[in-house]
Amino acid sequence: MHRIFQRYIDLLSSAEYADAFAEAMAITASELDLSCFAYLAVPRRPGKKALVISTYPNNWVAHYVRSHYERLDPIIKRSLETTDPFQWGLDAPSRPISPAQRRFLEEASEFGIRLGFTLPIHDEDGSVAALTFATDQRRPQFERCIDLNASALQLIARCFHWQVRRKLLHELTIDGIRLSPREVECLEWAAKGKSFWEIGRILGISHNTVAHYLRSARDKLGVRKVVQAVARLAAAKRDGQD
């Protein structure tokens, strides 16, 4: 397990985009005999799109979105209500569900998502996320896998969420212009007087990459100097823009 976890941390540390995060988790889940996973970060404000990173079958994801199953999904509902990990599935003990929710689980099982283990994550700021490991295995085999690795899976979920939140969710919109998490990070450190080299050391990237992010932020905001972009960022935060 130590080898698996160390490789996982290395993959997460180098991940910058959703595809790389999906690959890091897919490799780790596979080594633990878990066939697929889905991560969901629920936006705090209405109208904002949830972030989903998943290796669920594409045809199931398309069907789920097309059917607006986020309104019905009992896993999402329970994740919003509890911080305790839980198992679910047609032949797994769980809380009572409606006939419509049972049909939902029956459809999911047809796509190879028969059983799942979900780890809700509730942050101090009120935001909620959930990481689910799912499989088409029979219940005894799946339960043995979860029982053996439950503590490690909780740590894996926390690390994944922390890195995703830091790198993918910390976006900022300034007058309708969206800055990436890395652009925001670089601007925030520049606002503290850090040089390109110092920012690179802090974030674990090269000073040339820092320059690229700052130049991109500056260009998006239509200003000529980084100090002007920093001022726009500070003003947006005072005004409560996100």
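What's counted below: heavy atoms across the whole structure, side chains too, no hydrogens, waters or symmetry copies. We're numbering straight along the sequence, starting at 1.
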Partner of F142 under side-chain contact (heavy atoms from CB on, under 4.5 Å), chosen from D147, D33, D136, T135: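 It is T135, the one option of D147, D33, D136, T135 that forms the side-chain contact (heavy atoms from CB on, under 4.5 Å) with F142.
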Value rounded to 0.5 Å, distance of [atom1] in [X] from [atom2] in [Y]:
X    : Y    : atom1 : atom2 : value
R78  : D73  : CZ    : CG    : 12.5 Å
F133 : T55  : CZ    : OG1   : 9.5 Å
T28  : I156 : OG1   : CD1   : 6.0 Å
L233 : E183 : CG    : CD    : 11.0 Å
I113 : L105 : CD1   : CG    : 10.5 Å
I75  : L80  : CD1   : CG    : 12.0 Å

From D84, T82, T132, residue fulfilling side-chain hydrogen bond (donor to acceptor under 3.5 Å, both in side chains) relative to T118: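 For T118, the side-chain hydrogen bond (donor to acceptor under 3.5 Å, both in side chains) check succeeds only for T132.
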Step-by-step side chain to side chain contact (heavy atoms under 4.5 Å, CB included) determination, M25 to I53: CA-CA 10 Å; M25 184 60 78; I53 302 175; over 6 Å; no
Heavy-atom closest contact ([X] atom, [Y] atom, distance):
X    : Y    : value
L115 : G89  : CD2-CA, 4.0 Å
R232 : D175 : NH2-OD2, 3.3 Å
A24  : L12  : CB-CD2, 4.1 Å
I199 : A190 : CD1-N, 3.8 Å
V230 : L187 : CG2-O, 3.8 Å
R165 : S127 : NH1-OG, 3.6 Å

E188/K192 salt bridge by N-O under 4.0 Å criterion: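 Looking at E188 together with K192, the answer is no, because their closest N to O distance does not fall below 4.0 Å.
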E185/R182 salt bridge by N-O under 4.0 Å criterion: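 Yes.
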Side-chain heavy atoms nearer than 4.5 Å, only ILVMFWY residues, links allowed to pass through others: does that put [X] and [Y] together?
X    : Y    : value
Y213 : W197 : no
I146 : I121 : no
V184 : I174 : yes
V210 : V227 : no

Worked check of side chain to side chain contact (heavy atoms under 4.5 Å, CB included) between I76 and E70: CA-CA 7 Å; I76 291 180; E70 72 280 358; 4.3 Å; yes
Look only at the side chain of [X] and the backbone of [Y], and say whether a donor-acceptor pair between them is shorter than 3.5 Å.
X    : Y    : answer
S35  : A134 : yes
S13  : I9   : yes
S216 : H212 : no
S67  : Y64  : no

Measure the shortest side-chain to side-chain distance between [X] and [Y] over non-hydrogen atoms and say whether it is less than 4.5 angstrom.
X    : Y    : result
F5   : L155 : yes
I27  : Y8   : no
L153 : L32  : yes
H63  : E110 : no
L34  : N149 : no
D123 : H161 : yes
S14  : D10  : no

Heavy atoms of other groups near K220 NZ, more than 12 under 6.0 Å: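 Atom NZ in K220 is crowded, with more than 12 foreign heavy atoms closer than 6.0 Å.
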From CA spacing to verdict: side chain to side chain contact (heavy atoms under 4.5 Å, CB included), S79, F86: CA-CA 9 Å; S79 295; F86 59 90; 3.7 Å; yes
Identified ring-ring contact (aromatic ring centres under 6.0 Å, His included) counterpart of F111 within the set F104, W60, Y69, Y56: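 By the ring-ring contact (aromatic ring centres under 6.0 Å, His included) criterion, F111 pairs with just one of F104, W60, Y69, Y56: W60.
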Step-by-step salt bridge (charged side-chain N to carboxylate O under 4.0 Å, His left out) determination, E106 to R102: CA-CA 6 Å; E106 288 171 348; R102 183 170 184 82; 3.7 Å; yes
S109: partners by side chain to side chain donor-acceptor pair (under 3.5 Å), with sequence neighbours left out: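 Side chain to side chain donor-acceptor pair (under 3.5 Å) check on S109 returns nothing, list empty.
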Ring-ring centroid check F21 W162, cutoff 6.0 Å: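 Here the rings of W162 and F21 have centres that are no less than 6.0 Å from each other.
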